[in-house]
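Below is one structure, written out as structure tokens, with a few remarks after it.
This chain uses plain numbering: 1 for the first residue, then up along the sequence. Heavy-atom basis, side chains included; hydrogens, waters and symmetry copies ignored.
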Amino acid sequence: MKRREFIKTTLAAAALSVLPRVSTATNGGKMKILVLTGSPRKNGNSNTLADNFIKGAEEAGHEVVRFNAAFKEVHPCIGCNSCGMNGPCVFKDDFEFVRQHIVDADMVVFVTPMYYFGISAQLKAVIDRFYAVNGQIHRPKKAALLMTYANTAALEAEPIKSHYKTLLNYLGWTDVGQIIASGVWPVGAVNHTEYPRQAYELGKSLKLA
């Protein structure tokens with residue numbers, strides 16, 4: 001795609017973001033929630049937070065779908081711009097599941113362990129592929145961050161929190177909660193903390209309004 005055509009497409013996608021979003025939530029204002037996890041450890045600490053969050057959200061009556069990126073095939077974005085920020089991707093892989101659910105979702109939850117001071121590569125690949133649906137998701141949604149890391153220094157959590165905040169600012173989404181679980185490393189370590197309960201309570205407390 002030539003530069004002029006690319007700019008025209010980008011502006012068109014941005015224009016979509018100002019359109020009012022009509023909620024797809026039914027059943028008394030309950031939400032459609034997409035949970036994106038990034039841990040390659042099936043019983044890992046961040047996945048435990050996801051389990052508890054989902055339990056609380058479902059008990060509150062919300063509809064939850066989960067995508068475990070580490071166990072799916074998601075090709076990294078190669079910046080070819082074939083999608084034009086709002087079209088089909090050249091890769092036909094498991095990101096199609098995310099594509100099917102993220103547009104109508106009222107809320108997106110990012111769940112990741114800290115890997116070398118950043119989001120896990122598996123989840124980052126999914127986020128990068130948001131580019132192909134940018135024009136459809138660049139509008140109001142709720143979001144939450146569930147993150148675990150081995151160390152206890154609060155400063156070390158800032159890169160992921162900053163990335164999350166910047167992403168939400170760009171998309172026009174609203175943060176409704178963050179569970180930042182420090183000091184958990186071995187599988188199961190988070191079970192001996194208050195973080196699973198906090199994740200459950202966050203899910204349980206969610207409301208559309």
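Rounding to the nearest 0.5 Å gives a distance of 9.5 Å between CZ of Arg129 and CG of Asp94. Leu167 CG to Phe110 CZ: the interatomic distance, rounded to the nearest 0.5 Å, is 5.0 Å. Within the model, atoms CG of Asp93 and CZ of Arg99 stand 10.5 Å from one another, a figure rounded to the nearest 0.5 Å. Atoms CE and OG1, from Met114 and Thr148 in turn, are 8.5 Å apart once rounded to the nearest 0.5 Å.
Residues Gln178 and Lys161 share a closest heavy-atom pair of OE1-CE, 3.7 Å. Minimum heavy-atom separation, Ile33 to Ala57: CD1-CB, 4.1 Å. Across all their heavy atoms, Thr48 and Pro196 have their closest contact at CG2-CG, 4.4 Å. Between Asn45 and Trp185, the shortest heavy-atom distance links the atoms ND2-O, 3.4 Å. Taking every heavy atom of both residues into account, Gly177 and Tyr164 meet most closely at O-OH, 4.2 Å.
Between His138 and Tyr170, the closest side-chain pair of non-hydrogen atoms falls below 4.5 Å.
Hydrophobic clustering of Ile, Leu, Val, Met, Phe, Trp and Tyr side chains at less than 4.5 Å, counting indirect connections, keeps Ile127 apart from Ile78. Placement of Leu49 and Leu202 within a single hydrophobic cluster is found when ILVMFWY residues are connected by side-chain heavy-atom separations under 4.5 Å, directly or transitively. If you chain together hydrophobic residues whose side chains sit under 4.5 Å apart, Tyr200 and Met31 never meet in one group. When hydrophobic clusters are built by joining Ile, Leu, Val, Met, Phe, Trp and Tyr residues whose side-chain heavy atoms come closer than 4.5 Å, directly or via intermediates, Val133 is not grouped with Val90. No continuous path of ILVMFWY side-chain contacts below 4.5 Å connects Ile179 to Tyr115, so the two sit in separate hydrophobic clusters.
Atom NZ of Lys92 sits in a crowded spot, with more than 12 heavy atoms from other residues, nucleotides or ligands closer than 6.0 Å. Atom NZ of Lys204 is surrounded by more than 12 heavy atoms from other residues, nucleotides or ligands within 6.0 Å. Within a 6.0 Å sphere centred on CG of Asp175, heavy atoms belonging to other residues, nucleotides or ligands number more than 12.
Using a 4.0 Å cut-off between charged nitrogen and carboxylate oxygen, Asp51 and Lys55 do not count as a salt-bridge pair.
Counting only residues at least two apart or on different chains, the ring-ring contact (aromatic ring centres under 6.0 Å, His included) pairs with a member in residues 39-75 are Phe67-Phe97, His75-Phe91.
Side chain to side chain, Tyr195 and Asn52 fail the donor-acceptor criterion of an N or O pair below 3.5 Å.
Apart from Val187 itself, the hydrophobic cluster it occupies contains nothing, where clustering links Ile, Leu, Val, Met, Phe, Trp and Tyr at side-chain heavy-atom distances under 4.5 Å.
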